[in-house]
> 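Here it is: the structure, laid out below.
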Amino acid sequence: MRCSWLNQVDNDEYFYVKNIARPGETISSYRYERRVGGKGANQAIAIIKAGGTANFYGSVGQDGLWVKDTVGAFGLDPILFPGANCSQLPEETWETSGVAFPECTHVLLQNEIHMECTLYALNNSVNAITVYNPSPMPSSQEINEFPWDKVDWLIVNEGEAEDLYKVLSGHGSSFGEPPSEILLLLSAQPALATTNIICTLGKDGVVAFIPAFHRQKQEYNHNTPNFIRLPAAVLQGTIRDTTGAGDCFTGYFVQGLMEFGPQATPGHGIRESDIVSILMTCVQVSLSKHFSASKSI
């Protein structure tokens, strides 16, 4: 199994100070570090640490060439193009060379790259399982025009789920529903009729709606739970940094799917109990005791 990431990579800069500056105060730092970051790179590193194999496609400037060596040290196969996160150079290179999209079994996308890059991947990844983490949230126009029918798995947090529902349903105001209700309302939108939805809840765990398993329960047996809900893992010790926790969750989830084969889908090679098992792993590994997302994954 091989997953392709058409995503972004960042240079995260860390300045160490003895105290937080007061308003109007200028202070000096005593230490500086730079580390690889960004949702795309974090998620790619997570799938490698979960035991998967991946190609990472991104763009960097001349000042970011050190990134290639750094992500390579994690065991990732980086294919970096000159440019920056919002460039479309990977797609332009593939089209020039006559390659529509790299061959892979799974494609993971998020929203820290140009929307045209995401649409290119969805339109050209033949027979691949597609996973979309729309973070940061697209504009209302982009949400309404997005080809949701090409997304097999949607991974959102509670706030993103509510924002998506408000745009897709036209319900413009907040309504204070519990997470499970928001999930069910979101899954009832025609645009997401066949999409598997995973909603992370931070300290409250995760909920999931899988149409192949839950749509029939929803319609014919109102007394049967029509979604999966798992509590968060309990960390022994203190959490020093939650940066990248969602990216870690996403990467491990994709690797969990990859273990079932290139064409496995819920009801066809993947059982409901399998999804529960994958999610249990994800909520356990997405807690961190370390600074820096890539190191804590």
Side-chain angles (χ1 to χ4, degrees), residues 1-9 35-58 70-79 102 104-110 112 125 128-133 135 152-157 196 198-202 205-206 208 210 228 230-236 239 241-266 269-297:
M1 302 299 103
R2 179 171 292 272
C3 184
S4 286
W5 273 266
L6 180 59
N7 282 319
Q8 50 79 241
V9 60
R35 303 171 187 165
V36 171
K39 296 190 70 63
N42 292 341
Q43 292 170 358
I45 290 169
I47 203 171
I48 294 298
K49 290 194 173 183
T53 305
N55 284 337
F56 179 85
Y57 299 89
T70 303
V71 297
F74 284 102
L76 186 65
D77 294 329
I79 298 97
C104 59
T105 59
H106 294 70
V107 174
L108 174 57
L109 300 162
Q110 38 73 26
E112 288 189 339
S125 53
I129 301 297
T130 55
V131 184
Y132 184 40
N133 172 215
S135 180
D152 297 308
W153 293 88
L154 174 66
I155 301 180
V156 291
N157 61 31
N196 304 294
I198 309 295
C199 181
T200 59
L201 308 175
V206 61
I210 314 299
I228 298 169
L230 294 175
V234 178
L235 178 66
Q236 300 300 315
I239 298 176
D241 186 11
T242 59
T243 304
D247 298 334
C248 183
F249 179 101
T250 299
Y252 272 75
F253 182 79
V254 174
Q255 166 56 15
L257 294 179
M258 291 170 66
E259 291 182 356
F260 289 90
Q263 299 300 321
T265 58
I270 300 179
R271 301 166 298 178
E272 185 172 358
S273 59
D274 296 326
I275 300 299
V276 172
S277 179
I278 295 172
L279 292 175
M280 287 181 64
T281 298
C282 293
V283 297
Q284 291 169 2
V285 301
S286 58
L287 291 177
S288 166
K289 286 188 177 181
H290 305 283
F291 292 117
S292 165
S294 60
K295 288 187 176 181
S296 67
I297 289 171

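This one's a predicted model, so the numbers in the text were calculated from it and none came from an experiment.
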> To the closest 0.5 Å, what do you measure between CD (E272) and OG (S277)?
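Nearest 0.5 Å value for the CD-OG distance: 12.5 Å.
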
> Could you walk me through whether F260 and I278 pass the side-chain contact (heavy atoms from CB on, under 4.5 Å) test, one step at a time?
CA-CA 11 Å; F260 289 90; I278 295 172; 3.9 Å; yes

> How close do G202 and A232 get, counting heavy atoms only, and between which atoms?
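Smallest interatomic distance, heavy atoms only, reads O-CB, 3.8 Å.
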
> Is the closest side-chain heavy-atom distance between Y252 and K49 below 4.5 Å?
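Yes, their side chains come closer than 4.5 Å.
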
> Under 3.5 Å, is there a donor-acceptor pair between the D152 and T130 side chains?
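T130 and D152 do have a side-chain donor-acceptor pair below 3.5 Å.
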
> Shortest non-hydrogen contact from P262 to T105?
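So the two residues come closest at CB-CG2, 3.6 Å.
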
> Starting at CD of Q255, measure out to CD of Q43 and round the result to the nearest 0.5 Å.
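Nearest 0.5 Å value for the CD-CD distance: 14.0 Å.
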
> So, N133 side chain and I155 main chain: donor-acceptor pair closer than 3.5 Å or not?
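Flag set: sc N133 to bb I155 pair under 3.5 Å.
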
> Can you see which heavy atom on G251 is nearest to which on A46, and at what distance?
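Between these two residues, the closest heavy atoms are CA-CB, 3.7 Å.
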
> Shortest non-hydrogen contact from A264 to I129?
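Reported closest heavy-atom pair: O-CD1, 4.2 Å.
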
> Report the distance from atom CE of M280 to atom CD1 of I275, rounding to the nearest 0.5 Å.
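One finds 13.5 Å between CE of M280 and CD1 of I275.
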
> Would a distance-only check, ignoring hydrogens and angles, find a side-chain to backbone donor-acceptor pair under 3.5 Å from T250 to G246?
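Flag set: sc T250 to bb G246 pair under 3.5 Å.
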
> Determine whether W153 and I210 make a side-chain contact, defined as any pair of heavy atoms from C-beta on separated by less than 4.5 Å.
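Yes, close enough: below the 4.5 Å cut-off.
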
> Can you see which heavy atom on V276 is nearest to which on L230, and at what distance?
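Nearest pair, atom of V276 first, then L230: O-CD1, 3.7 Å.
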
> Would you compute the distance between atom CG of L279 and atom CD1 of I228 and round it to the nearest 0.5 angstrom?
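L279 CG to I228 CD1: 6.0 Å, rounded to 0.5 Å.
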
> Check whether any side-chain heavy atom of T70 sits under 4.5 Å from a side-chain heavy atom of R35, and report yes or no.
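No, too far: nothing below the 4.5 Å cut-off.
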
> Is there a side-chain contact between F253 and T281 (heavy atoms, below 4.5 Å)?
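Answer no - side chains too far apart.
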
> Atom OG1 in T265, atom CG in N196: separation rounded to 0.5 Å?
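Result: 8.0 Å between the selected atoms.
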
> Starting at CG of L257, measure out to CD1 of I270 and round the result to the nearest 0.5 Å.
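One gets 5.5 Å once the value is rounded to the nearest 0.5 Å.
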
> Hey, are the side chains of F249 and V206 touching, using non-hydrogen atoms and a 4.5 Å cut-off?
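Touching, per the 4.5 Å side-chain cut-off.
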
